[in-house]
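To keep things clear, I will list the structure first and then write my remarks on it.
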Amino acid sequence: MAKKASDHFKTWANPNGPVITSMTRPVIEADGLYFKDIDGSGTVSEVNDWRLPAAQRAAAYVKQMTVDEKIGQLFISDWRMGQKYPNPTYKDHVVIPDESGVLDEGEVFTKLIFGEMHLPGTSTLIREWFARHTILRENASPEDLTDYLNQLQAVAEECEHFVPVQAASNSRNENGEAVFGMNDAGGVFPTWPGTLGIAAAVKGAGIEVADQWAEAIRRSWEACNLRKGYMYMVDCMTDPRWQRSYGTFGEDTALICEIAEHIIPRIQGSENGVTADGVAMTSKHFPGGGARENGFDPHYAAGQWNVYATPGSLQKYHMPGFAAAVGKHTSSIMPYYSKPAAQKSAAQQDFEGKDIPLEPYGFAYNRVFIHDILRGQMGFQGYVNSDTGIVHNMKWGVEMLDEPERIGFAINHSGVDLISGFFDNAYGREAYDRATNEYYETHKLPEGFTPDMVTLNDECLDRAVTRTLTEMFELGMFENTYRDVKRSAALCEDQEDLANADRAHHQSVVLLKNDGILPLTAEKYTGKKIYAEAFHKTAEAGEAATRALRDMLGEVTLTEDYNEADIAILFVNPSSGEYFSATAGYLELDICEGKEVHDVDSFCRPMAETHLETTLSGAKKIADIANAVHAHGGKVIANINFHLAWLVGNVECYADALTAGFETNPDATLDVMFGRFAPVGKLPFTLPRGDEVLAVNAEGICISPNDVPGYDKDQYMPHDLKDENGKAYAYRDAAGNYYELNFGLSL
């Protein structure tokens with residue numbers, strides 16, 4: 001059992017060189033400098049010499065490792081922090097904590113949407129399985145997070161070949177509901193609005209918002225020893241029913257590129273890649289996840305296709321964000337689960353102007369996209385990290401192969417370097433052994449596959465592991481392995497970062513409509529009764545949010561009876577669908593309660609059967625409140641929280657003033673409403689007019705193309721849907737304003 005590393009590591013300072021930290025690994029003194037004995041040679045070897053390039057050290061180290069050590073570094077999977085931070089992923093396991101209660105040595109059986117697996121305790125995983133890549137999902141305090149990651153390194157230091165344990169995490173510096181795989185954690189580090197809110201604020205207040213956000217991310221993560229982020233999405237949002245829209249920067253390709261070009265160097269530490277005080281980024285989901293077939297997500301079978309119905313859309317809208325990320329040396333790229341739908345797609349061109357063969361393999365298995373386009377044409381030099389679950393449940397396009405063959409096909413043939421899902425060491429070893437044990441003399445492969453495509457060999461193992469080790473050497477993880485707990489806590493509470501985050505929340509608010517009631521100054525509400533209510537997907541969540549909202553309005557005269565209210569303030573927070581399972585119909589974007597909608601079949605086509613959908617509990621009450629308030633000349637002020645591009649007709653028509661937030665703190669929205677902050681935010685996407693512009697015909701084809709962003713959809717819309725201004729897609733309010741990209745009023 002590991003010592004509590006945060007209390008025991010020692011430090012050596014090199015003049016004009018890296019700080020060395022170690023618990024048990026020997027430190028060599030030579031030429032007046034200090035070097036960590038990483039490879040156990042006792043000399044300033046090529047591996048141990050921090051003066052040499054990271055790639056050279058990594059290549060030298062790989063030559064010393066066993067096959068099983070290298071196979072252990074091909075996989076990344078969830079891991080648990082222990083009894084103090086129970087992870088719902090791991091249930092019914094025996095807990096044998098270390099002295100601090102951070103490590104967890106219990107064996108566990110885990111079953112997820114990605115598959116199922118028996119796993120050992122932490123020490124066994126690190127020492128015997130040689131696992132060096134984990135995904136962290138618990139929302140730990142900075143102190144506990146730092147101590148936990150320090151303890152993982154302490155165990156790794158005791159191995160014959162020292163390789164640090166690199167924990168990756170999804171983003172942690174944005175506000176929003178905790179959702180597995182999307183927003184795993186939040187509220188501990190300085191917290192900005194959601195990424196759509198970042199985009200709204202940048203559009204209105206300038207790119208400095210993104211710069212400040214990125215710098216805070218780097219400081220807080222590095223301080224805690226969290227050195228790899230599964231972030232950020234540079235996907236262009238084109239089908240509004242894609243549930244992952246809320247993790248994007250919206251539909252504006254130029255803005256996506258600008259934000260990527262600013263945040264990647266600031267998070268990673270330099271314009272040329274990661275540094276010793278940086279955090280490695282994983283840009284996702286190549287070549288762009290927005291082109292969903294009618295919104296269905298590829299976590300489930302109905303969403304396994306990317307449809308490029310519009311000629312050139314892949315190059316025009318979806319890949320520019322990745323070109324920008326590659327240009328700024330993003331450390332890794334994550335391909336999406338989905339596969340291109342050739343039969344439903346128009347011609348798409350690569351970066352040389354040639355038509356792209358749309359082979360029906362998930363993008364992590366697609367050599368054309370990874371090897372030929374990403375590396376060959378775009379010049380990507382980092383490593384490719386698959387999305388979670390491609391070997392097991394999200395195996396789109398390679399269902400005919402078994403698990404070892406999928407590993408071999410991804411690593412050896414397609415060019416993936418790190419597979420996310422499970423610690424599939426046994427399958428990896430089988431894929432390696434099959435290259436030489438005459439397995440395929442008695443086992444026939446499916447047509448189109450050969451043994452050299454689906455097995456592992458030393459060359460592809462060395463290539464993959466060298467790439468991931470290079471990142472760790474560049475991050476300085478071998479030398480400065482540990483972090484100070486007190487420093488991490490202090491940096492995560494940096495007052496300037498907290499102030500910048502609060503300002504960004506205010507800057508993210510978009511004013512959509514105003515008949516003059518805003519700003520709601522004291523002279524407008526003095527002597528008036530205000531009714532306040534918050535609406536959510538469930539009544540229980542709405543009641544809790546209502547109590548919080550009313551507490552924030554302490555300076556006004558509140559009433560609990562909207563029939564006597566002069567002013568109503570309504571906060572509307574809809575929610576639709578489930579992330580890991582398909583809805584019975586298309587993802588509902590209407591703000592509705594008990595709406596009858598059509599089911600869909602397995603080919604994404606509408607059926608005669610129907611079901612009822614609710615995205616907002618109490619949605620019908622909004623009309624009752626508005627009618628009562630308006631009956632005696634009162635005003636209704638509403639705010640809608642957007643993590644999808646909602647159909648707003650059931651709210652806008654009842655509101656005299658309407659604001660938009662994007663996981664924005666309610667107090668920031670109230671500051672805008674009450675005139676304490678002037679609104680500057682602009683819409684990062686176009687709001688659809690209604691169901692008519694999202695209609696899907698009997699063949700499963702949407703009237704507005706899935707692969708084109710909202711601002712450009714009008715050129716593909718039927719003429720009979722267009723108004724006198726030639727617009728069909730965007731919502732138009734009672735004042736005649738179109739809620740389209742870049743729209744936002746001022747006061």
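Hydrogens, waters and symmetry mates are skipped; everything else that's a heavy atom, side chains included, is used. Numbers here are sequence positions counted from 1. As the structure is a prediction and not an experimental result, all values here were calculated from the model.
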Taking [Y]'s backbone N and O only, do any of them form a donor-acceptor pair with [X]'s side chain (distance below 3.5 Å, no angle check)?
{"X": "Ser414", "Y": "Val416", "answer": "no"}
{"X": "Thr195", "Y": "Gly247", "answer": "yes"}
{"X": "Asp417", "Y": "Val384", "answer": "yes"}
{"X": "Gln304", "Y": "Ala301", "answer": "yes"}
{"X": "Arg367", "Y": "His413", "answer": "yes"}

Compare every heavy atom of [Y] with every heavy atom of [X], then report the nearest pair and how far apart it is.
{"X": "Thr238", "Y": "Pro709", "value": "CG2-N, 3.5 Å"}
{"X": "Gln349", "Y": "Asp355", "value": "NE2-OD1, 2.9 Å"}
{"X": "Gly197", "Y": "Phe662", "value": "N-CB, 3.3 Å"}
{"X": "Ile640", "Y": "Val648", "value": "CD1-CG1, 3.8 Å"}
{"X": "Ser420", "Y": "Ser386", "value": "N-OG, 3.0 Å"}
{"X": "Pro240", "Y": "Ser245", "value": "O-OG, 4.2 Å"}

Does the plane of the ring in [X] sit parallel, tilted or perpendicular to the ring in [Y]? Use 30° and 60° as the thresholds.
{"X": "Phe743", "Y": "Tyr739", "result": "parallel"}
{"X": "His392", "Y": "Tyr427", "result": "tilted"}
{"X": "His285", "Y": "Trp242", "result": "perpendicular"}
{"X": "Phe296", "Y": "Tyr300", "result": "perpendicular"}

Problem set entry | Intermediate values then yes/no, ring pair (Phe, Tyr, Trp, His ring centres under 6.0 Å), Tyr337 and His299 | CA-CA 7 Å; Tyr337 299 111; His299 281 98; 4.8 Å; yes
For this session: Please test Arg732 against Glu724 for salt bridge (charged side-chain N to carboxylate O under 4.0 Å, His left out), starting from the C-alpha separation and ending with a verdict.
Result: CA-CA 12 Å; Arg732 189 181 191 180; Glu724 72 277 13; 2.9 Å; yes
For this session: Determine, stepwise, if the pair Tyr738 / Asp723 fulfils side chain to side chain donor-acceptor pair (under 3.5 Å).
Result: CA-CA 12 Å; Tyr738 296 95; Asp723 64 13; 2.5 Å; yes
Can you find a pair of side-chain heavy atoms, one from [X] and one from [Y], that are under 4.5 Å apart?
{"X": "Tyr586", "Y": "Val600", "result": "yes"}
{"X": "Ile407", "Y": "Ile419", "result": "yes"}
{"X": "Asn742", "Y": "Leu683", "result": "no"}
{"X": "Glu403", "Y": "Asp424", "result": "no"}

Look up atom [atom1] in [X] and atom [atom2] in [Y], then write down how far apart they are to the nearest 0.5 Å.
{"X": "Lys682", "Y": "Ser508", "atom1": "NZ", "atom2": "OG", "value": "13.5 Å"}
{"X": "Ile411", "Y": "Thr455", "atom1": "CD1", "atom2": "OG1", "value": "12.0 Å"}
{"X": "Met334", "Y": "Ser283", "atom1": "CE", "atom2": "OG", "value": "10.0 Å"}
{"X": "Asp78", "Y": "Arg137", "atom1": "CG", "atom2": "CZ", "value": "4.0 Å"}
{"X": "Leu358", "Y": "Asn366", "atom1": "CG", "atom2": "CG", "value": "8.5 Å"}
{"X": "Tyr361", "Y": "Leu401", "atom1": "OH", "atom2": "CG", "value": "8.0 Å"}

Exercise. Is atom NE2 of His611 surrounded by more than 12 heavy atoms (other residues, nucleotides or ligands) closer than 6.0 Å?
Worked result: yes
Exercise. More than 12 foreign heavy atoms under 6.0 Å from CD of Glu399: is that the case here?
Worked result: yes
Output yes when [X] and [Y] qualify as a salt bridge under the 4.0 Å nitrogen-oxygen rule, no when they do not.
{"X": "Lys727", "Y": "Glu740", "result": "yes"}
{"X": "Arg244", "Y": "Asp297", "result": "no"}
{"X": "Lys595", "Y": "Glu588", "result": "yes"}
{"X": "Asp402", "Y": "Arg434", "result": "yes"}
{"X": "Lys284", "Y": "Asp235", "result": "no"}
{"X": "Asp691", "Y": "Arg241", "result": "no"}
{"X": "Lys621", "Y": "Glu533", "result": "yes"}

Assess, by modelled atom type and distance only, whether the side chains of [X] and [Y] contain a donor and an acceptor separated by less than 3.5 Å.
{"X": "Tyr230", "Y": "Asn385", "value": "yes"}
{"X": "Thr538", "Y": "Ser617", "value": "no"}
{"X": "Glu596", "Y": "Thr610", "value": "yes"}
{"X": "Tyr729", "Y": "Glu692", "value": "no"}
{"X": "Glu174", "Y": "Tyr246", "value": "no"}
{"X": "Asn294", "Y": "Asn706", "value": "yes"}

For this session: Evaluate salt bridge (charged side-chain N to carboxylate O under 4.0 Å, His left out) for Glu699 paired with Arg605, printing each intermediate quantity in order.
Result: CA-CA 6 Å; Glu699 286 72 45; Arg605 299 173 302 197; over 6 Å; no
For this session: Report the C-alpha distance between Ile356 and Ile373 in whole Å, list the side-chain angles of each, state the deciding distance to 0.1 Å, and finish with yes or no for side-chain contact (heavy atoms from CB on, under 4.5 Å).
Result: CA-CA 9 Å; Ile356 300 173; Ile373 296 177; 3.8 Å; yes
Exercise. side-chain contact (heavy atoms from CB on, under 4.5 Å) between Ile135 and Ile76: does it pass, once the steps are laid out?
Worked result: CA-CA 7 Å; Ile135 304 172; Ile76 182 169; 3.6 Å; yes
Problem set entry | CA sep, side-chain torsions, deciding dist, call: Thr330, Thr282, side-chain contact (heavy atoms from CB on, under 4.5 Å) | CA-CA 7 Å; Thr330 188; Thr282 303; over 6 Å; no
Exercise. Side chain to side chain contact (heavy atoms under 4.5 Å, CB included) with Tyr317: which of Asp707, Asp252, Asp712, Thr310?
Worked result: Asp712
Exercise. Pick one: which of Glu293, Lys339, Arg292 meets side chain to side chain donor-acceptor pair (under 3.5 Å) with Asn306?
Worked result: Arg292
For this session: Apply the test side-chain contact (heavy atoms from CB on, under 4.5 Å) to residues Leu512 and Asp733: give CA-CA distance (whole Å), side-chain angles for both, the deciding distance (0.1 Å), then the verdict.
Result: CA-CA 9 Å; Leu512 295 175; Asp733 71 9; 5.9 Å; no
For this session: For the pair Phe380 and Phe322, evaluate ring pair (Phe, Tyr, Trp, His ring centres under 6.0 Å) and give the outcome as yes or no after the intermediate values.
Result: CA-CA 10 Å; Phe380 177 59; Phe322 294 94; over 10 Å; no
Seminar exercise, completed: Only one of Trp396, Phe369, Phe286 passes ring-ring contact (aromatic ring centres under 6.0 Å, His included) with Phe363, and that residue is Phe369
